[in-house]
S.K.: 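Sending over a structure as structure tokens; questions will come in a sec.
Fair warning: this is a prediction, and the values are worked out from it, not measured in the lab.
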Amino acid sequence: MSPQPSPRHTRTLAAALLAVTAAAALTACQDGKPASAKSPSSAASDGSSSASGANGGGTGAGSQHTGGSADSGQPTAARGAASTDHSSNRCTAASLRMSLGQPDQGAGNIRYALTFTNSGKASCTLRGFPGVSLLAKNGQSVGKPATRQGAAGAAVTLAPGKSAHAVLHTIAEGTKGSGCWPAGASVQAYPPGSKESMTARASGLQVCGDEFGVTSLAPGAAA
């Protein structure tokens, strides 16, 4: 007659059997989990990556040009301020040189001639207002783009080597009580209809009283 197991031995065997059964059930649940399922933290991480990828692709589309090179993402406000010109022979930034004259002061007003010269080999035309803004040394915009002053004027035809000019206008410090913007290191301008900009040294140009205007282009260099 075989000996009967003790109650203690029976409890030990039952506990071991229960542990084996639980482990097998857990393994079966994990093996049955769909391969595509992800933890909440993994899904959140993937969602962030997708959003970054969707938003990151647009940075290059808004880049502008200064003399044919990248403007480091400068704002397009000055470009939007330029006149639209769809003329087939309009002057482009690539075929122009630009310079800013010395200040002409009188009766609290300060004016600067912004001159464009045709540096190409063929005649071209300019019509309307350039889009103009001031830039700091780090390339960031200072204040707002110049507002249009006066009528649009007629088209100006520039033979090679010939010039046209617009006039930038501001007022002397203290003439109006809203203070002055920081002095610009350079002037950025978009010729009418151009998607590329040009820059010239600002010659100490500082806008005061929030008065910053630009006239339409007129024939010749300023006197």
S.K.: Mind listing the closest non-hydrogen atom pair of V142 and P182 along with its distance?
M.R.: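 Heavy atoms of V142 and P182 come nearest at CG1-O, 3.4 Å.
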S.K.: Roughly how far, to the nearest 0.5 Å, is the CD atom of E196 from the CZ atom of R79?
M.R.: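 CD of E196 is found 10.0 Å from CZ of R79.
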S.K.: For residues 153-195, which residue pairs pass the disulfide bond (SG atoms under 2.5 Å apart) check, not counting sequence neighbours?
M.R.: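 Every pair satisfying disulfide bond (SG atoms under 2.5 Å apart) with a residue in residues 153-195: C180-C208.
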S.K.: Checking A155 now: which residues fulfil side chain to side chain contact (heavy atoms under 4.5 Å, CB included) with it, not counting sequence neighbours?
M.R.: R127
S.K.: One pair to check against side chain to side chain contact (heavy atoms under 4.5 Å, CB included): L126 and L158. What are the steps and the verdict?
M.R.: CA-CA 8 Å; L126 289 171; L158 299 183; 3.8 Å; yes
S.K.: Please find the pair of heavy atoms, one from S123 and one from P160, that lie closest to each other, and give the distance.
M.R.: OG-CD, 3.9 Å
S.K.: Going by atom type alone, with no hydrogens or angles, which donor-acceptor pairs under 3.5 Å involve a side-chain atom of residues 144-154 and a protein atom two or more places apart or on another chain?
M.R.:
| residue | atom | partner | partner atom | Å |
| --- | --- | --- | --- | --- |
| T147 | OG1 | F212 | O | 3.3 |
| R148 | NE | A81 | O | 3.3 |
| R148 | NH2 | A81 | O | 3.2 |
| R148 | NH2 | A82 | O | 3.2 |

S.K.: Ignoring hydrogens, what is the shortest heavy-atom contact between P103 and I110? Give both atom names and the distance.
M.R.: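 That would be CB-CG2, 3.8 Å.
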S.K.: Does the pair T199 and V187 meet the rule for a side chain to side chain contact (heavy atoms under 4.5 Å, CB included), with working shown?
M.R.: CA-CA 5 Å; T199 58; V187 172; over 6 Å; no
S.K.: Sequence neighbours left out, what passes side chain to side chain contact (heavy atoms under 4.5 Å, CB included) with R201? Give chain and number order.
M.R.: none
S.K.: If you compare all heavy atoms of P191 against all heavy atoms of L96, which two are closest, and at what distance to 0.1 Å?
M.R.: CG-CD1, 3.9 Å
S.K.: Taking only residues at least two apart or on different chains, which pairs with a member in residues 102-153 satisfy disulfide bond (SG atoms under 2.5 Å apart)?
M.R.: C91-C124
S.K.: Any side-chain heavy atom of Y112 sitting closer than 4.5 Å to one from L205?
M.R.: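 Y112 vs L205: side chains touch.
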S.K.: Look at the side chain of S87 and the backbone N and O of N89, then say whether any donor-acceptor pair between them is shorter than 3.5 Å.
M.R.: no
S.K.: State which residues pass side chain to side chain contact (heavy atoms under 4.5 Å, CB included) with T92; sequence neighbours excluded, sorted by chain then number.
M.R.: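 So T92 forms a side chain to side chain contact (heavy atoms under 4.5 Å, CB included) with R90, A94, S95.
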S.K.: For A107, which residues count as a side chain to side chain contact (heavy atoms under 4.5 Å, CB included) partner, sequence neighbours excluded?
M.R.: N109
S.K.: Under the side chain to side chain contact (heavy atoms under 4.5 Å, CB included) criterion, do L217 and F116 qualify, and how do the steps go?
M.R.: CA-CA 9 Å; L217 288 154; F116 297 87; 3.6 Å; yes
S.K.: Side chain to side chain contact (heavy atoms under 4.5 Å, CB included), that's the test. Do T125 and V156 meet it? Break it down for me.
M.R.: CA-CA 5 Å; T125 62; V156 179; over 6 Å; no
S.K.: State which residues pass side chain to side chain donor-acceptor pair (under 3.5 Å) with T175; sequence neighbours excluded, sorted by chain then number.
M.R.: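 T175: no side chain to side chain donor-acceptor pair (under 3.5 Å) contacts found.
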S.K.: Which residues pass the salt bridge (Lys or Arg N to Asp or Glu O under 4.0 Å) test with K162, sequence neighbours left out?
M.R.: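 So K162 forms no salt bridge (Lys or Arg N to Asp or Glu O under 4.0 Å) with any residue.
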S.K.: When you measure from the side chain of T115 to the backbone of A221, do you find a donor-acceptor pair of N or O atoms at a distance under 3.5 Å?
M.R.: no
S.K.: Going by side chain to side chain donor-acceptor pair (under 3.5 Å), name the residues that satisfy it together with N118, two or more places apart in sequence or in a different chain.
M.R.: none
S.K.: Are L100 and M98 co-members of a hydrophobic cluster defined by side-chain heavy atoms under 4.5 Å apart?
M.R.: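 In one cluster with M98: L100, yes.
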S.K.: Over all heavy atoms of both residues, which pair between L114 and A189 is shortest? Give the atoms and the distance, please.
M.R.: CD2-CB, 4.0 Å
S.K.: Determine whether the side chains of D85 and S83 contain a donor N or O and an acceptor N or O closer than 3.5 Å.
M.R.: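 Judged by distance alone, the side chains do not pair up.
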S.K.: If the condition is side chain to side chain donor-acceptor pair (under 3.5 Å), which residues does T117 pass it with, not counting sequence neighbours?
M.R.: S163
S.K.: Distance from Q206 atom CD to T170 atom OG1, nearest 0.5 Å?
M.R.: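 The distance works out to 8.5 Å.
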S.K.: Mind checking side chain to side chain donor-acceptor pair (under 3.5 Å) for S133 and listing every partner two or more places apart, or none if nothing turns up?
M.R.: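 Listed in chain order: Q188.
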S.K.: State, to 0.1 Å, how close W181 and L134 come at their nearest heavy-atom pair, and which atoms those are.
M.R.: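 In this case the closest contact between W181 and L134 is CE3-CD1, 4.5 Å.
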